[in-house]
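Since the structure comes first, as structure tokens, the remarks are kept for the end.
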Amino acid sequence: MRIVTMNAFLPGYHNIAGWAEENGHEIVLVVTPPAGAGDRYDAAAPPFVLGLPPTADVLITSKLRTVAAPAIAALEPDLVISAAFPRLIPAEILKIPTYGAVNLHPSPLPVGRGPNPVRLVYEGATTVGATLHRTEAEFDTGAILSQRERPLPEDLTGAAIFQAWREMLREVLEEGAARAFAGEPGAPQDPELASEAPMFTPEELVLRLSDPGAALVRKSAALNVLEARSKVIVAGTKQSVRRIELVSAGEESSQAGEIITYHTDGWTVRSGDGVVRLYTT
């Protein structure tokens with residue numbers, strides 16, 4: 001099959017490219033916005049196109065209707081696949097491919113629509129998920145072709161969440177694309193179950209050591225999926241932490257934030273219900 005992929009985040013592209021190679025499909029074009037449009041995924045990352053194979057045909061444009069649509073139509077693709085593409089894909093593109101357009105999203109839709117599905121973990125979800133759905137006029141609303149959901153990793157870190165996503169996104173792409181090629185329409189999403197996952201506010205990046213230890217571990221892992229963004233106030237100073245580890249829990253403390261031990265890479269401190277270990281960046 002002839003595939004057009006639309007991306008602004010390299011892991012999303014690599015997932016599609018690996019699937020295409022294993023199944024004998026050809027990626028005939030990669031469409032991406034101009035540099036800077038994908039900053040929400042990792043502001044420190046080099047431009048997306050620098051990580052693509054030198055043989056890849058790439059279209060860099062923000063003009064999806066007038067530039068991307070004619071270019072895609074000329075290639076007569078069988079399927080358009082988007083992953084971490086931060087723009088609504090217009091009808092002019094959606095109507096082109098033989099088997100339609102699909103999108104990969106790292107949540108169990110319709111829960112967690114929007115640009116920040118790891119917010120679900122931050123707010124208390126006990127699972128992570130992934131969905132391949134048909135692309136429609138609004139973000140993350142199309143019929144579901146394949147979906148996975150699994151418990152949070154036992155060793156809960158940002159890296160572990162990201163790895164779980166990588167595995168599940170590949171699984172749903174494999175299964176869901178086969179259904180798209182078979183002409184299956186997919187299962188409509190229930191709007192009554194839908195929830196939104198907006199980006200974190202600056203205030204949400206600063207964790208309160210008065211919270212229970214398990215909540216601190218979970219929130220820090222959610223914030224640190226792509227880079228270390230979680231922060232805490234230690235000894236009156238805001239500090240970045242790459243990981244929080246639960247040491248003990250079950251005993252309420254009125255001294256949350258008290259430093260128990262200094263380490264070369266962080267501190268052991270009291271949380272709202274016990275003790276946690278903070279690892280600095």
Side-chain angles (χ1 to χ4, degrees), residues 9-11 36 38-47 84 86 106-107 111-112 114-129 150-166 195-281:
F9 182 51
L10 274 171
D39 283 353
R40 72 180 186 180
Y41 298 110
D42 186 351
S107 85
V111 177
N116 190 31
V118 78
R119 173 176 284 281
L120 300 177
V121 176
Y122 184 95
E123 294 181 348
T126 59
T127 64
V128 286
R150 65 173 66 167
L152 289 176
E154 186 172 339
D155 183 16
L156 187 55
T157 65
I161 293 173
F162 189 71
Q163 180 59 31
W165 271 348
R166 288 175 66 97
S195 66
E196 299 296 324
M199 301 300 285
F200 294 117
T201 65
E203 293 76 17
E204 288 175 312
L205 303 182
V206 183
L207 305 182
R208 297 173 299 183
L209 291 175
S210 57
D211 282 352
L216 291 169
V217 171
R218 187 187 71 247
K219 290 182 177 183
S220 179
L223 291 174
N224 295 345
V225 168
L226 298 181
E227 57 182 320
R229 294 187 295 168
S230 64
K231 304 178 187 303
V232 297
I233 305 295
V234 179
T237 304
K238 187 184 296 184
Q239 305 283 350
S240 294
V241 292
R242 62 178 172 84
R243 180 180 181 182
I244 299 180
E245 186 177 85
L246 186 64
V247 176
S248 66
E251 48 187 73
E252 289 192 20
S253 171
S254 60
Q255 298 176 305
E258 177 190 9
I259 298 174
I260 298 173
T261 308
Y262 289 86
H263 306 276
T264 57
D265 62 347
W267 308 266
T268 297
V269 303
R270 296 194 186 281
S271 66
D273 69 343
V275 177
V276 292
R277 171 77 157 87
L278 311 178
Y279 293 86
T280 57
T281 54

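- You'll find the side chain of L207 reaches within 4.5 Å of the side chain of Y122, heavy atoms only.
- Sorted by first and then second residue, the ring pair (Phe, Tyr, Trp, His ring centres under 6.0 Å) pairs with a member in residues 219-240 form an empty list; sequence neighbours excluded.
- A pairwise comparison of heavy atoms in D211 and K219 identifies OD2-NZ, 3.4 Å as the closest pair.
- Here I233 contributes atom CD1 and L209 contributes atom CG; the two are 8.5 Å apart, rounded to the nearest 0.5 Å.
- Atom-to-atom distance recorded for L152:CG and R218:CZ is 8.5 Å, nearest 0.5 angstrom.
- Between A256 and G272, the shortest heavy-atom contact is CB-N, 4.2 Å.
- Every pair passing salt bridge (Lys or Arg N to Asp or Glu O under 4.0 Å) that includes a residue from residues 270-281 is listed here, sequence neighbours excluded: E258-R270, D265-R277.
- The only member of L278, V276, T261 that meets side chain to side chain contact (heavy atoms under 4.5 Å, CB included) when paired with W267 is L278.
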Can I get a per-line list of side-chain donor-acceptor pairs under 3.5 Å for residues 197-206, giving both atom names and the distance, sequence neighbours left out?
from	atom 1	to	atom 2	distance (Å)
T201	OG1	E203	OE1	3.4
T201	OG1	E204	N	3.2
T201	OG1	E204	OE1	3.4
E204	OE1	R119	NH2	2.7
E204	OE1	T201	N	2.9
E204	OE2	R119	NH1	2.9

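- When side chains are defined from C-beta on, W165 counts as touching V225, because their heavy atoms get closer than 4.5 Å.
- Not counting sequence neighbours, the partners of R150 by the salt bridge (charged side-chain N to carboxylate O under 4.0 Å, His left out) test are E167, E171.
- Listed by first then second residue, pairs satisfying ring pair (Phe, Tyr, Trp, His ring centres under 6.0 Å) with a partner in residues 203-238 number zero, not counting sequence neighbours.
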Name every donor-acceptor pair, under 3.5 Å, that has one atom in a side chain of residues 234-247 and the other anywhere in the protein, sequence neighbours excluded.
from	atom 1	to	atom 2	distance (Å)
S240	OG	K231	NZ	3.1
R242	NE	T280	O	3.0
R243	NH2	D155	OD1	2.6
E245	OE1	Y279	OH	3.4

From CA spacing to verdict: side chain to side chain donor-acceptor pair (under 3.5 Å), S220, S230: CA-CA 6 Å; S220 179; S230 64; 3.2 Å; yes
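- One distance of note links CD1 of I161 with CG of N224; it measures 9.0 Å at 0.5 Å rounding.
- Minimum interatomic distance between V128 and A164 (heavy atoms only, all atoms of both residues): CG2-CB, 4.1 Å.
- Distance check: I259 CD1 to T268 OG1 gives 10.0 Å after rounding to the nearest 0.5 Å.
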